[in-house]
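Remarks on the structure that follows.
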Amino acid sequence: MMDIAGLPMPDGAPAAGACVRLERPEPGLVVLVLDPPHRSLAVLDVPLVRDLSDALDELRLMPDLKGLVITGRTPLAFAAGADISVIEELRDARLASRLVLAVHSVFNQIEAFKKRGVRTVAAVGGPVPGGAFELSLACSRILLADDPKSRIGLPETKLGILPGWGGCHRLPRRIGVPAALDAILKGSLMPAKVAYRKGLVDRLTPPEYLVRVACEVAMGRTPCKRRERGIWRWLVDRNPLALAVIGNQVQKTIQRQTGGHYPAASMAAKMVTWAALTPLKKGTKREAEAVSQLGTGDVCKNLVRIFRMMDGSKKLGKRSDGSAPDPIQHGAVLGAGVMGGAIASSMADKGIATRLFDISPAGLDAALLQHRAELTTQLKRRRLEPHSHDAALDRLDVSAQMVGFGRTQFAIEAVAERMDIKHKVFSEFAKHVGPETILATNTSSLSVTEIASPIPNPERVVGVHFFNPVKKMPLVEVIRGEQTSDEAVTAGCAFALRLGKTPVVVADVAGFLVNRLLGPYLDEALRLYDGGVEPKRIEALAKKFGMPMGPLRLLDEVGLDIAAHAAESLNAAYGERMTPCKVIRPLLEAGHLGKKTGDGFYVHLSWTKKVSKNFSSDLRRLAPAHSAQEEFLTDQEVEDRMLMAMLAEAARCIEEKVVQSAADLDLATVFGMGFPPFRGGLLRWADELGAAEIIRRLEHCSTAISTGLDPERRKRFEVPEILRTMAEAGCGFHR
Amino acid sequence: MTTYNFEPGSTEIVLAAGLRTPQMKAGGTFAEEDAGHLGSGLARELFARHGLDGSELDEVLIGCVGQPSTQANVARVIALRAGVPHRVPARTLARNCASGMEAVTSAVTAIQAGQGSAYLCGGVEVMSSYPLIMGKALTKMFARLSRTRSMPAALAVASSFRPSHLKPRIALLEGLNDPVAGMLMGETAELLAREFGIQREESDVYASRSHNRAQAARDAGVFEREVMPWLPLGAKDGASSRHHDDGIRDGQTPKALARMKPYFVKPDGTVTVGNSCGITDGATMLIVSTAQRAEELGLSPLARIRTTAWAGLDPRRMGLGPVFATHKALQRSGCRLSDFGAIEINEAFAAQVLSCEKAFASREFAQKELGANEAVGSIDPEKLNKNGGAIAIGHPVGATGARLLLTAAHELERSDCDMTLATLCIGGGQGGAVILERRAS
């Protein structure tokens, strides 16, 4: 009997015994079905674990038990793993440890059946993440439904914890240390065929046969071998020398990739590496300690929050009454530049028959070639079957004339950033389509309201702002112009979600959200450079904070010309506080525009994909620092200049209600500019500091800047009213 | 024998719309294309330009001679890849060089039989992808190998391998050989040249005229309304889409052609690579429907289909197919050769077209071969293949029949005439002819 006193119970938890059903199809065989009435998909929460424990206790007393099958309510609904809302709330490490150990004891109960000669078979299917997979690992055989919906793996490290219910030790025993390291550190959920190939499961079978075959296996009538690693087991998994080398390499890689900001990865790696040499009991106990420590820490909380916000953003694709807009069958993209081509290609990838228009046949050809090249790569890497490759190929058609767009349900333009061109293209296009066709604009610097105004039925015009490179950047800003209808906003969000992006709804202000926040951040970086701070130092401090790349490299990636253009339009809209720094002008004039020209702040070598660490040799000659007065700023001061400038602007955005909530802003900063996820987003980090501390730092920045040189620069460090209110009330941006 | 003649008042059947890809020399630009991709891309574009939806079709009929081994019933592959709904059936048709025309006449038959009213018809051929076939000996060896049960037995079988087993058979060459007559297509043209006394010089003059006319037509933009630009699979970075047929040789002269050596009958034959059609990749798609249906779909038809006719003849003289088929079409329709403002005869070989011209005009030929009293009629060379023919723009075998109809349909307006004729010879000894008529506007 499990002691559940004090453990967190979900709302509507049923009475004991209701979550698990035992079926006895024949003598000696028991099918244990996870069927909690309070969940649509079973979650390994306290009531379920309690009932599971009770059921196993009951089975232990069954003398003639030969086979035990553990399965879900339906073949494609097993369980979703641990209860995320518990992880989100849990702050008490001792309670956490108790919770984890309780589950351990249940899993050990399952494993103990093996010694009694009972065959335990997990018959799983659909999503089998984390805890659900760890439950399966405790069984002696795992059968997985061979279905596209089946996805299995241990994604815990993505949430800042590690597989703490035996996963770190049972998985390496099953598939070997190197494969387990890969699976746990990547944290991806694998499709059925891949999981079988890698040995995560022992047999695939169609969902319709899943339980039947599992029963046959449990009764020993159908042989089902567990794949053995053979000699490798001794050469690698149990060879201390090999393990030391592997462990060392992995730790180095993790350190390089995460900068030490994510303790879960390196802890998981350490455990997995030595798993096979550690007795299971001792290992799992260590796991429990680690996971309760990580699970109650800030990093985990922040990552879980982001996960929840991302999940929450999926609601944006539905109308207020919960219905979803018709899925897009026919889409159109106007303008085949880098952005337009990539958007069209993504649409085709995601099953939308797309017609791409551009007046230049060369642009269309380039877009088509790029689309094909990406598909070919996926085909070669076996990420696509040949028939899906052909279908994705067929879904992108191009046209140099504005004909054949009659069926378009959703069109997005990515033509040149000039109001007259946008008006011309949309007005012309509107003649070819019905009045309900959603017209989205991918503008990054023009007003959506203004773009919409002369278009017939302007309520269907919505901003859908992708970031470059389209296929990699996960954020899409959906911009509501003044006339934009709710329907159009929903359609824009649904479109972004369809393309696998995370939408955030933003008001129609200059720079929208992300570029508006990046403006002061990047400009401060330039001003620091101009003030004599070593570029290397600027970059290193930003990276140390957790940014994916330094601000100067980001400028190179974006293109200095584009950044300068964006800075000017921000300046025009927001006045003095956005006055752009003049230091990059000589670079622009010399044609050093960043990555695309091979030279900017850094040298970019065209023949290698590796990012160069070397600053351009022409840098100081072309763009010398104007003064040395900021050279002696402390690290903290340098960091504050950039981040406080951004934070003050974010506070203004909240004041102006550019986004609905602080959570939206956090989501946008994490997905749009790579603000360190472990900090939970810009405003989450701000709340951590507290309003009073932020005001202190802002004022310090402001006073430290010499008045004579940069009067306008001080404006960006002016304390927004909302911060003072917050400081007085002692609250944060988040409730 | 089936011949149709639709007089006003009966169901009016029309070529409602049409489009083709550029036709490219095999092994060249389209070498990595496949029939499914080429055909479906073209069909999608045809649908898009005319606001059609695949669900409006009754069936998809596509002509193709050398279907890719990976795309059995390539018509179905094309239909599905073009977004035609599952419930609309599709079949691939083969009548050698006339497969594309066969698709159209099959649609006509189906409409006449009351089975439907709108069809996607066309032809597609990627001759580049005709395979090399491993010989029978090697095939047998592999079959025996797969039946062996033990390693020694497998080794014994494998030891029977000889390097000569690797000699491939070339599907393209075998396809151009008439298995009944035992002659290559070019040899049948040589036979006609001897029978009708066609000189080498005449052939070369004809061939260079075909190039010159195609060049002029291309430069004048005649092909723009029928060709969609196409960026082929396998195009390298920086490649651009193709807008024109690439077989046209600018400024071709008989003198240049005279330098080529005879290919089929050496050394004294008249048929050279230069005065024959090229081996080509390409596709053509047409919508065939009743006039009423076309109107409902918002299409403005290119032409009315007046008559279709197929005829058979001696495989060794297959090049005369147009004469036999046209004679039949004229009889059925009551038209005369002089009624046509433009005539499209497929240029398989210059000698073959010239032989047809002579046969058309010959009373003796008509009496002996067609059982008629008078000659079929003489052809005005100015009306024959006004925009050049297969010698210049190529002959993707399965597609050509449909391509001729598309050209002939556009010629109604361009030549401002009431009727045009499209006809072609067919390997194996057949001929096909379709008479198109301008619709009262």
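Numbered from 1 within each chain, the chains take letters A, B, ... in sequence-line order. Computation of the quantities below employed the complete heavy-atom set of this structure, encompassing side-chain atoms and omitting hydrogens, waters and symmetry-equivalent molecules.
Chain B forms the most heavy-atom pairs under 4.5 Å with one residue out of A:D394, A:V398, A:L369, and that residue is A:D394. If you tally non-hydrogen atom pairs under 4.5 Å between each of A:T376, A:L368, A:D390, A:L364 and chain B, the highest count goes to A:D390. When each of B:R49, B:E45, B:H243, B:R44 is scored by its heavy-atom pairs under 4.5 Å with chain A, the top score falls to B:R44.
Atom CD of B:E413 has 12 or fewer heavy atoms from other residues, nucleotides or ligands within 6.0 Å. At most 12 non-hydrogen atoms from other residues, nucleotides or ligands lie less than 6.0 angstrom from CG of B:D237. In the displayed structure, A:K471 atom NZ is contacted under 6.0 Å by more than 12 heavy atoms of other residues, nucleotides or ligands. In the displayed structure, B:R225 atom CZ is contacted under 6.0 Å by more than 12 heavy atoms of other residues, nucleotides or ligands. At most 12 non-hydrogen atoms from other residues, nucleotides or ligands lie less than 6.0 angstrom from CD1 of A:I359. When the shell of 6.0 Å around CD of A:E428 is examined, it contains more than 12 heavy atoms from other residues, nucleotides or ligands.
The two residues A:R355 and B:A48 come nearest to each other via the heavy atoms NH1-CB, 3.5 Å. Between A:R372 and B:L231 the shortest heavy-atom distance is NH2-O, 2.7 Å.
Using a 4.5 Å cut-off between heavy atoms, B:D53 touches chain A through backbone and side chain atoms alike. Heavy atoms of B:L52 lying under 4.5 Å from chain A belong exclusively to its backbone.
Counting only N and O atoms by type, the side chains of B:S240 and A:D365 include no donor and acceptor under 3.5 Å apart.
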